[in-house]
S.K.: 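Below is one structure. I have some questions about it.
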Amino acid sequence: MCDTCGCNLTPGNRHLAFKPVAGGATAVSVLKGLLAKNDDQAAHNRQHFDRRGILALNLMSSPGSGKTALLEATLVALKDEFTCAVIEGDLETENDAERIRALGVTAHQIVTGTACHLDAHLVHDALHHMNLDGVDLLFIENVGNLVCPASFDLGQHLNVTLLSVTEGDDKPAKYPVMFRAADALLLTKIDLLSVLDDFDPARAEAHLRELANPAPVMRLSARKGMGMDAWLVWLREQLAAQRARVAVGQSRHPAIQRDGQQYHQAGA
């Protein structure tokens, strides 16, 4: 396992790691087994969403980039148009889920304890606590972390990565695994650019392009309502595309970054 944080073990898969294994089994072989089981569970989750015509999006970022604030603004904007549901992931507390429920939206909180990312097993367990009948959009707010979440398939269709202007425009270069996984990059808190002149949105996008990622880059401030229209249009387009895929029996897989898993394996 990862000797640094043990993050491959979560409350959702811990029981799989400690089943009896064949003599001579190594930590690496156990890890490979966990990752394979995660992918199997993710495929099951995705089938669950596809059968219902749901578009599932995985929101990833460092802590404090504005994921929950973005969700609040998005849910308010779409409340008369689509039915949405949210899965929240945090090490502790139900704070974020309570914020979503206050808007009248179904939300389930996953408390990971020490695990710094969600996995497919945790998401599957959450689904058993939710009624997804009639849901159009399912947002999964991952644990705040710019490393591990990009390497684990949850069953989602799309990855959305947030980068706030308070973090530094070189983050895509510093954390390539995360930013290569992005199907859309949101530059958040742009209302602060007037006082944070060391963040250049053009440089942030240039670093993303250096990773050969053509994902759209949108600049917005959820708190101030700036730039939200482009984000909402993108969501509508992606939901329409999902419905078209479902109609012909197709699905879409996110850009899971296996090199992140290899880093964990190398530390085993």
Side-chain angles (χ1 to χ4, degrees), residues 55-78 84 86-91 95-97 99-100 107 110 116-118 137-152 154 156-193 196 198-209 211 213-235 237-238 254-257 260:
L55 176 67
L57 302 101
N58 179 26
L59 273 58
M60 302 183 292
S61 75
S62 60
S65 67
K67 294 189 295 300
T68 310
L70 173 71
L71 280 176
E72 290 174 316
T74 301
L75 295 170
V76 170
L78 297 178
C84 301
V86 177
I87 294 175
E88 291 283 352
D90 283 297
L91 271 67
N95 293 353
D96 289 349
R99 288 170 59 179
I100 300 303
I110 298 174
C116 56
H117 64 89
L118 297 179
L137 294 164
L138 174 67
F139 296 97
I140 304 170
E141 182 178 341
N142 219 310
V143 178
N145 180 354
L146 277 181
V147 183
C148 308
S151 299
F152 292 84
L154 310 178
Q156 78 274 24
H157 303 101
L158 294 163
N159 288 327
V160 177
T161 301
L162 283 67
L163 172 62
S164 77
V165 302
T166 61
E167 297 178 69
D169 51 33
D170 59 349
K171 284 295 185 293
K174 288 183 174 180
Y175 297 90
V177 172
M178 173 60 69
F179 288 90
R180 279 202 303 271
D183 294 299
L185 174 61
L186 305 185
L187 301 182
T188 62
K189 305 184 182 182
I190 60 166
D191 55 303
L192 299 178
L193 283 175
L196 295 171
D198 57 343
F199 186 101
D200 184 345
R203 277 202 302 266
E205 181 170 354
H207 286 308
L208 182 72
R209 303 303 176 218
L211 301 175
N213 189 339
V217 177
M218 291 167 265
R219 307 177 187 184
L220 56 84
S221 169
R223 296 287 190 191
K224 300 297 184 180
M226 301 168 61
M228 288 293 293
D229 285 347
W231 161 242
L232 297 174
V233 167
W234 185 81
L235 284 174
E237 292 173 346
Q238 299 308 313
I256 302 303
Q257 299 298 296

S.K.: Check whether any side-chain heavy atom of Asn95 lies under 4.5 Å from a side-chain heavy atom of Asp90, and answer yes or no.
M.R.: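 Heavy-atom side-chain distance check fails, nothing below 4.5 Å.
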S.K.: With a 3.5 Å cut-off and no angle check, do the side chains of Glu141 and Thr68 form a donor-acceptor pair?
M.R.: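 A donor-acceptor contact under 3.5 Å links the two side chains.
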S.K.: Taking only residues two or more places apart in sequence, or in another chain, which ones meet Lys174 in a side-chain hydrogen bond (donor to acceptor under 3.5 Å, both in side chains)?
M.R.: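 In terms of side-chain hydrogen bond (donor to acceptor under 3.5 Å, both in side chains), with neighbours along the sequence ignored, Lys174 is linked to Asp170.
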S.K.: Could you tell me whether the side chain of Thr161 reaches within less than 4.5 Å of the side chain of Phe179, counting heavy atoms only?
M.R.: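 They are in contact (side-chain heavy atoms under 4.5 Å apart), so the answer is yes.
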S.K.: Quick one, Thr188 and Val165 - any side-chain contact, counting heavy atoms below 4.5 Å?
M.R.: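 They are not in contact (no side-chain heavy atoms under 4.5 Å apart), so the answer is no.
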S.K.: With a 4.5 Å cut-off on side-chain heavy atoms, are Val217 and Arg209 touching?
M.R.: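 They are in side-chain contact.
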S.K.: Between His207 and Asp169, what is the shortest heavy-atom contact and its length?
M.R.: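 Nearest pair, atom of His207 first, then Asp169: CD2-O, 3.2 Å.
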S.K.: Is the count of non-hydrogen atoms from other residues, nucleotides or ligands lying under 6.0 Å from Arg223 atom CZ greater than 12?
M.R.: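 No, the 6.0 Å shell around CZ holds no more than 12 heavy atoms from other groups.
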S.K.: Parallel, tilted or perpendicular: which fits the ring planes of Phe139 and Trp231, with parallel below 30° and perpendicular above 60°?
M.R.: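 The arrangement is tilted - the two ring planes meet at 30° to 60°.
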S.K.: Between Asp191 and Lys224, does any NZ, NE, NH1 or NH2 come within less than 4.0 Å of an OD or OE carboxylate oxygen?
M.R.: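 No, this pair does not count.
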S.K.: Would you say Ile87 and Ile110 make side-chain contact, with heavy atoms under 4.5 Å?
M.R.: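 A side-chain contact under 4.5 Å exists here.
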S.K.: Phe199 and Pro201: which non-hydrogen atoms are nearest, and at how many Å?
M.R.: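 Closest approach of Phe199 to Pro201: O-CD, 3.6 Å.
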S.K.: If you measure only the distance, is there a donor-acceptor pair under 3.5 Å linking the side chains of Lys67 and Ser61?
M.R.: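 A pair is found: one side chain offers a donor N or O, the other an acceptor, under 3.5 Å apart.
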